[in-house]
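We name chains A, B, ... by the order of the sequence lines, and we start the count at 1 in each one.
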Number of protein chains: 2
Amino acid sequence: MRPLFHPALDDVRPEAILHALSDPVRAAIFTQIAGMGCVQACSAFAAVGDRVIPKSSLSHHIKVLREAGLIRCERHGVEMRNHSRCSEVDQRFPGLIAAILNAYAKAGA
Amino acid sequence: MRPLFHPALDDVRPEAILHALSDPVRAAIFTQIAGMGCVQACSAFAAVGDRVIPKSSLSHHIKVLREAGLIRCERHGVEMRNHSRCSEVDQRFPGLIAAILNAYAKAGA
DNA sequence: TCAATAGTTCCGATATTCCGAACTATGGGA
DNA sequence: TCCCATAGTTCGGAATATCGGAACTATTGA
(Lines give C-alpha, C1' and ligand atoms only; values in the text may rest on other atoms or scores of the structure.)
Protein backbone atom coordinates (compact mmCIF):
# COMPACT_ATOMS: atom_id res chain seq x y z
CA MET A 1 0.00 0.00 0.00
CA ARG A 2 1.39 3.37 -0.96
CA PRO A 3 2.23 5.67 1.93
CA LEU A 4 -0.28 8.40 2.69
CA PHE A 5 0.58 11.94 1.71
CA HIS A 6 1.28 14.36 4.54
CA PRO A 7 2.29 17.94 3.73
CA ALA A 8 5.55 19.24 5.18
CA LEU A 9 4.98 21.84 7.86
CA ASP A 10 6.18 24.61 5.55
CA ASP A 11 3.64 23.57 2.95
CA VAL A 12 0.69 23.78 5.30
CA ARG A 13 -1.64 26.54 4.11
CA PRO A 14 -4.00 28.58 6.27
CA GLU A 15 -6.80 28.29 3.72
CA ALA A 16 -6.55 24.50 3.86
CA ILE A 17 -6.76 24.50 7.65
CA LEU A 18 -9.74 26.85 7.66
CA HIS A 19 -11.48 24.90 4.96
CA ALA A 20 -10.89 21.62 6.79
CA LEU A 21 -12.24 22.98 10.07
CA SER A 22 -15.13 24.92 8.52
CA ASP A 23 -17.10 21.68 8.44
CA PRO A 24 -18.59 21.00 11.88
CA VAL A 25 -18.24 17.24 11.44
CA ARG A 26 -14.54 17.54 10.65
CA ALA A 27 -14.11 20.05 13.46
CA ALA A 28 -15.69 17.56 15.88
CA ILE A 29 -13.44 14.77 14.63
CA PHE A 30 -10.37 16.94 14.94
CA THR A 31 -11.38 18.15 18.40
CA GLN A 32 -11.52 14.55 19.49
CA ILE A 33 -8.16 13.66 17.94
CA ALA A 34 -6.51 16.80 19.31
CA GLY A 35 -8.20 16.90 22.65
CA MET A 36 -8.09 13.30 23.76
CA GLY A 37 -4.34 13.34 23.52
CA CYS A 38 -4.48 9.71 22.53
CA VAL A 39 -4.42 8.25 19.08
CA GLN A 40 -7.80 7.43 17.55
CA ALA A 41 -8.78 4.92 14.90
CA CYS A 42 -11.15 6.16 12.20
CA SER A 43 -13.84 3.83 13.47
CA ALA A 44 -13.95 5.96 16.63
CA PHE A 45 -15.85 8.52 14.57
CA ALA A 46 -18.58 6.34 13.13
CA ALA A 47 -20.91 8.83 14.80
CA VAL A 48 -20.51 12.49 15.71
CA GLY A 49 -23.04 13.48 18.31
CA ASP A 50 -26.12 11.51 17.26
CA ARG A 51 -25.32 11.79 13.58
CA VAL A 52 -24.10 8.64 11.85
CA ILE A 53 -21.25 9.25 9.43
CA PRO A 54 -21.03 6.81 6.52
CA LYS A 55 -17.66 5.14 6.13
CA SER A 56 -16.98 6.74 2.78
CA SER A 57 -17.71 10.21 4.11
CA LEU A 58 -15.57 9.57 7.15
CA SER A 59 -12.69 8.46 4.99
CA HIS A 60 -13.06 11.65 2.97
CA HIS A 61 -13.12 13.84 6.10
CA ILE A 62 -10.00 12.20 7.50
CA LYS A 63 -8.26 12.73 4.17
CA VAL A 64 -9.14 16.43 4.17
CA LEU A 65 -7.76 16.83 7.71
CA ARG A 66 -4.62 14.92 6.76
CA GLU A 67 -3.96 16.87 3.56
CA ALA A 68 -4.53 20.14 5.42
CA GLY A 69 -1.67 19.11 7.71
CA LEU A 70 -3.82 18.83 10.83
CA ILE A 71 -3.37 15.13 11.48
CA ARG A 72 -0.94 12.34 10.78
CA CYS A 73 -2.27 8.91 9.86
CA GLU A 74 -0.45 5.61 10.15
CA ARG A 75 -1.65 2.15 9.52
CA HIS A 76 -1.24 -0.22 12.46
CA GLY A 77 -2.35 -3.63 11.44
CA VAL A 78 -5.91 -3.51 10.25
CA GLU A 79 -6.63 -0.06 11.59
CA MET A 80 -5.48 3.49 10.90
CA ARG A 81 -4.22 5.57 13.80
CA ASN A 82 -4.77 9.30 13.71
CA HIS A 83 -2.46 11.64 15.60
CA SER A 84 -2.91 15.36 15.83
CA ARG A 85 -0.19 17.64 14.43
CA CYS A 86 -1.31 20.47 16.74
CA SER A 87 2.07 21.24 18.21
CA GLU A 88 3.73 21.38 14.79
CA VAL A 89 1.01 23.57 13.31
CA ASP A 90 1.06 25.78 16.38
CA GLN A 91 4.71 26.51 15.76
CA ARG A 92 3.93 27.72 12.28
CA PHE A 93 0.61 29.46 13.04
CA PRO A 94 0.69 30.32 16.74
CA GLY A 95 -2.66 30.27 18.48
CA LEU A 96 -4.64 29.37 15.38
CA ILE A 97 -5.84 25.92 16.32
CA ALA A 98 -6.49 26.85 19.93
CA ALA A 99 -8.60 29.83 18.89
CA ILE A 100 -10.62 27.72 16.47
CA LEU A 101 -11.25 24.93 18.95
CA ASN A 102 -12.17 27.47 21.63
CA ALA A 103 -14.61 29.12 19.25
CA TYR A 104 -16.34 25.81 18.52
CA ALA A 105 -16.38 24.94 22.21
CA LYS A 106 -17.98 28.25 23.07
CA ALA A 107 -20.54 28.08 20.28
CA GLY A 108 -21.45 24.56 21.32
CA ALA A 109 -20.49 22.78 18.17
CA MET B 1 -34.18 48.81 -0.92
CA ARG B 2 -34.52 46.21 1.77
CA PRO B 3 -31.98 46.43 4.58
CA LEU B 4 -29.09 43.99 4.43
CA PHE B 5 -29.08 41.08 6.83
CA HIS B 6 -26.44 41.11 9.55
CA PRO B 7 -26.39 38.30 12.11
CA ALA B 8 -26.55 39.23 15.79
CA LEU B 9 -23.29 38.57 17.58
CA ASP B 10 -24.79 35.60 19.42
CA ASP B 11 -25.80 34.05 16.12
CA VAL B 12 -22.34 34.23 14.61
CA ARG B 13 -21.07 30.70 14.00
CA PRO B 14 -17.45 29.57 13.93
CA GLU B 15 -18.04 27.42 10.87
CA ALA B 16 -19.36 30.44 8.98
CA ILE B 17 -16.30 32.49 9.90
CA LEU B 18 -13.91 29.72 8.92
CA HIS B 19 -15.74 29.09 5.69
CA ALA B 20 -15.75 32.79 4.84
CA LEU B 21 -12.04 33.14 5.50
CA SER B 22 -11.04 29.83 3.90
CA ASP B 23 -11.14 31.56 0.54
CA PRO B 24 -7.92 33.52 -0.03
CA VAL B 25 -9.72 36.22 -1.99
CA ARG B 26 -12.20 36.81 0.82
CA ALA B 27 -9.40 36.64 3.37
CA ALA B 28 -7.53 39.34 1.44
CA ILE B 29 -10.64 41.51 1.25
CA PHE B 30 -11.30 41.06 4.94
CA THR B 31 -7.67 41.76 5.84
CA GLN B 32 -7.97 45.03 4.02
CA ILE B 33 -11.27 45.97 5.68
CA ALA B 34 -10.02 44.94 9.12
CA GLY B 35 -6.49 46.16 8.85
CA MET B 36 -6.92 49.55 7.23
CA GLY B 37 -9.09 50.61 10.09
CA CYS B 38 -11.01 52.75 7.66
CA VAL B 39 -14.20 51.93 5.87
CA GLN B 40 -13.86 50.56 2.37
CA ALA B 41 -16.23 50.62 -0.58
CA CYS B 42 -16.65 47.37 -2.52
CA SER B 43 -15.02 48.95 -5.52
CA ALA B 44 -11.79 49.07 -3.50
CA PHE B 45 -11.52 45.32 -4.13
CA ALA B 46 -11.93 45.24 -7.88
CA ALA B 47 -8.56 43.52 -7.84
CA VAL B 48 -6.81 41.41 -5.21
CA GLY B 49 -3.10 41.26 -5.86
CA ASP B 50 -2.95 41.16 -9.65
CA ARG B 51 -6.12 39.14 -9.92
CA VAL B 52 -9.19 40.95 -11.26
CA ILE B 53 -12.40 40.11 -9.39
CA PRO B 54 -15.59 40.41 -11.45
CA LYS B 55 -18.27 42.57 -9.86
CA SER B 56 -20.68 39.70 -9.42
CA SER B 57 -18.08 37.58 -7.64
CA LEU B 58 -17.08 40.49 -5.49
CA SER B 59 -20.67 41.09 -4.50
CA HIS B 60 -20.95 37.43 -3.56
CA HIS B 61 -17.75 37.52 -1.48
CA ILE B 62 -18.88 40.60 0.42
CA LYS B 63 -22.20 38.91 1.11
CA VAL B 64 -20.47 35.83 2.52
CA LEU B 65 -18.34 37.98 4.83
CA ARG B 66 -21.40 39.95 5.93
CA GLU B 67 -23.55 36.89 6.61
CA ALA B 68 -20.72 35.28 8.55
CA GLY B 69 -20.80 38.31 10.85
CA LEU B 70 -17.34 39.55 9.92
CA ILE B 71 -18.33 42.87 8.37
CA ARG B 72 -21.13 45.39 8.48
CA CYS B 73 -22.28 47.01 5.24
CA GLU B 74 -24.13 50.28 4.88
CA ARG B 75 -25.13 52.13 1.82
CA HIS B 76 -23.85 55.68 1.64
CA GLY B 77 -25.20 57.32 -1.41
CA VAL B 78 -24.24 55.35 -4.43
CA GLU B 79 -21.64 53.23 -2.70
CA MET B 80 -21.57 50.58 -0.01
CA ARG B 81 -19.29 51.06 2.97
CA ASN B 82 -17.81 48.02 4.62
CA HIS B 83 -16.79 48.10 8.28
CA SER B 84 -15.12 45.28 10.11
CA ARG B 85 -16.88 43.69 13.09
CA CYS B 86 -13.54 42.48 14.47
CA SER B 87 -13.92 43.87 17.95
CA GLU B 88 -17.40 42.41 18.34
CA VAL B 89 -16.37 39.02 17.03
CA ASP B 90 -13.26 39.07 19.19
CA GLN B 91 -15.44 39.41 22.26
CA ARG B 92 -17.32 36.28 21.32
CA PHE B 93 -14.36 34.27 19.96
CA PRO B 94 -11.24 35.72 21.56
CA GLY B 95 -8.13 35.61 19.43
CA LEU B 96 -9.79 33.88 16.50
CA ILE B 97 -9.60 36.61 13.91
CA ALA B 98 -6.12 37.71 14.96
CA ALA B 99 -4.80 34.16 14.70
CA ILE B 100 -6.32 33.71 11.25
CA LEU B 101 -5.01 37.00 9.89
CA ASN B 102 -1.58 36.28 11.38
CA ALA B 103 -1.57 32.87 9.74
CA TYR B 104 -2.32 34.38 6.33
CA ALA B 105 0.26 37.09 6.86
CA LYS B 106 2.89 34.52 7.74
CA ALA B 107 2.05 32.22 4.84
CA GLY B 108 2.19 35.17 2.49
CA ALA B 109 -1.36 35.06 1.28
C1' DT C 1 -35.47 63.37 -16.89
C1' DC C 2 -31.22 61.40 -18.32
C1' DA C 3 -26.61 59.61 -17.73
C1' DA C 4 -23.11 57.74 -14.82
C1' DT C 5 -21.64 55.00 -10.97
C1' DA C 6 -21.98 51.17 -7.59
C1' DG C 7 -23.76 46.95 -6.52
C1' DT C 8 -27.15 43.01 -7.03
C1' DT C 9 -29.57 39.33 -9.25
C1' DC C 10 -30.15 35.80 -12.65
C1' DC C 11 -28.63 31.80 -14.74
C1' DG C 12 -25.75 28.44 -17.14
C1' DA C 13 -21.13 26.20 -16.81
C1' DT C 14 -18.04 24.14 -13.73
C1' DA C 15 -16.45 22.19 -9.48
C1' DT C 16 -17.36 20.10 -4.81
C1' DT C 17 -19.63 17.31 -1.58
C1' DC C 18 -22.15 13.36 -0.14
C1' DC C 19 -22.92 8.55 0.35
C1' DG C 20 -24.07 3.65 -1.24
C1' DA C 21 -21.79 -0.11 -3.40
C1' DA C 22 -17.82 -2.40 -4.71
C1' DC C 23 -13.09 -2.87 -3.77
C1' DT C 24 -8.33 -3.42 -1.22
C1' DA C 25 -5.36 -4.39 2.70
C1' DT C 26 -4.23 -6.71 6.90
C1' DG C 27 -4.36 -10.20 10.53
C1' DG C 28 -6.27 -14.34 12.71
C1' DG C 29 -7.68 -18.72 12.72
C1' DA C 30 -8.44 -23.64 10.85
C1' DT D 1 -2.28 -22.03 2.84
C1' DC D 2 -7.01 -20.43 2.28
C1' DC D 3 -10.81 -18.12 3.95
C1' DC D 4 -13.14 -14.86 6.77
C1' DA D 5 -13.76 -10.63 9.40
C1' DT D 6 -12.43 -6.01 10.15
C1' DA D 7 -10.92 -1.31 8.68
C1' DG D 8 -10.65 1.81 5.36
C1' DT D 9 -10.47 3.45 0.27
C1' DT D 10 -12.18 4.21 -4.30
C1' DC D 11 -15.79 4.72 -7.73
C1' DG D 12 -19.65 7.02 -9.64
C1' DG D 13 -23.85 9.55 -9.84
C1' DA D 14 -26.98 12.76 -7.56
C1' DA D 15 -27.32 16.98 -4.95
C1' DT D 16 -25.17 21.28 -3.88
C1' DA D 17 -22.14 25.24 -4.19
C1' DT D 18 -19.19 28.46 -6.74
C1' DC D 19 -17.90 31.55 -10.60
C1' DG D 20 -18.70 35.12 -13.76
C1' DG D 21 -21.06 37.47 -17.86
C1' DA D 22 -25.20 39.94 -18.86
C1' DA D 23 -29.06 42.28 -17.43
C1' DC D 24 -31.06 44.71 -13.71
C1' DT D 25 -31.78 48.14 -9.60
C1' DA D 26 -30.62 52.06 -6.71
C1' DT D 27 -28.71 56.50 -6.01
C1' DT D 28 -26.69 60.98 -7.19
C1' DG D 29 -25.68 64.85 -10.04
C1' DA D 30 -26.42 67.63 -14.11
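The nearest whole Å value for the distance from the NE2 atom in B/His76 to the C1' atom in D/dG29 is 19 Å. Per the geometry, CG belonging to A/Leu4 stands 17 Å off P belonging to C/dT24, to the nearest Å. Put simply, CD on B/Glu74 is 17 Å from C1' on D/dA26, counting in whole angstrom units. One interatomic measurement links the two molecules: CD1 of B/Ile29 to P of C/dG7, which rounds to 12 Å at whole-angstrom precision. In this structure, the NZ atom of A/Lys63 is 9 Å from the P atom of D/dT9, given to the nearest Å. One atom, CG of A/Asn82, and another, P of D/dA7, lie 14 Å apart when rounded to the nearest Å. In this structure, A/Glu67 atom CD and D/dT9 atom P are separated by 11 Å, rounded to whole Å. Remark: C1' of C/dA6 and CD of B/Gln40 are 15 Å apart, rounded to the nearest angstrom.
With distances taken from any side-chain atom of A/Ala41 to the nucleotides C/dT5, D/dG8, D/dA7, the minimum falls on D/dG8. Checking D/dG8, D/dT6, C/dG7 against the side-chain heavy atoms of A/Glu79 singles out D/dG8 as nearest.
Of all heavy-atom pairs spanning B/Arg66 and B/Cys73, the tightest one is CD-SG, 3.6 Å. Minimum heavy-atom separation, B/Ser84 to B/Cys86: OG-N, 3.0 Å. Minimum heavy-atom separation, A/Ala68 to A/Pro7: C-CG, 4.2 Å. In terms of heavy-atom proximity, A/Ala34 sits nearest to A/Leu101 at CB-CD1, 4.3 Å. The minimum heavy-atom distance between A/Leu96 and A/Asp90, with the atom names listed, is N-OD1, 4.3 Å. Annotation for B/Ile71 and B/His6: closest pair O-CD2, 3.6 Å, computed over non-hydrogen atoms.
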Do any N or O atoms of the protein come closer than 3.5 Å to N or O atoms of nucleotides 28-30 of chain C, and which pairs are they?
none

Which pairs, protein N/O on one side and nucleotides 15-22 of chain D N/O on the other, fall under 3.5 Å?
from: D/dT18; atom 1: OP1; to: B/His19; atom 2: NE2; distance (Å): 3.0
from: D/dG20; atom 1: OP2; to: B/Ser57; atom 2: OG; distance (Å): 3.0
from: D/dG20; atom 1: N7; to: B/Ser56; atom 2: OG; distance (Å): 3.2
from: D/dG21; atom 1: N7; to: B/Ser56; atom 2: OG; distance (Å): 3.1
from: D/dG21; atom 1: O6; to: B/Ser56; atom 2: OG; distance (Å): 3.1

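Taking CD of B/Gln32 as the start and CG of B/Asn82 as the end, the distance is 10.5 Å to the nearest 0.5 Å.
Note on A/Glu74 versus A/Arg72: no salt bridge recorded, every NZ/NE/NH1/NH2 to OD/OE distance being 4.0 Å or above.
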Show, in sequence, the C-alpha distance, side-chain angles and deciding distance for A/Leu18 and B/Tyr104, and conclude whether the side chain to side chain contact (heavy atoms under 4.5 Å, CB included) test is met.
CA-CA 11 Å; A/Leu18 298 192; B/Tyr104 271 109; 3.9 Å; yes
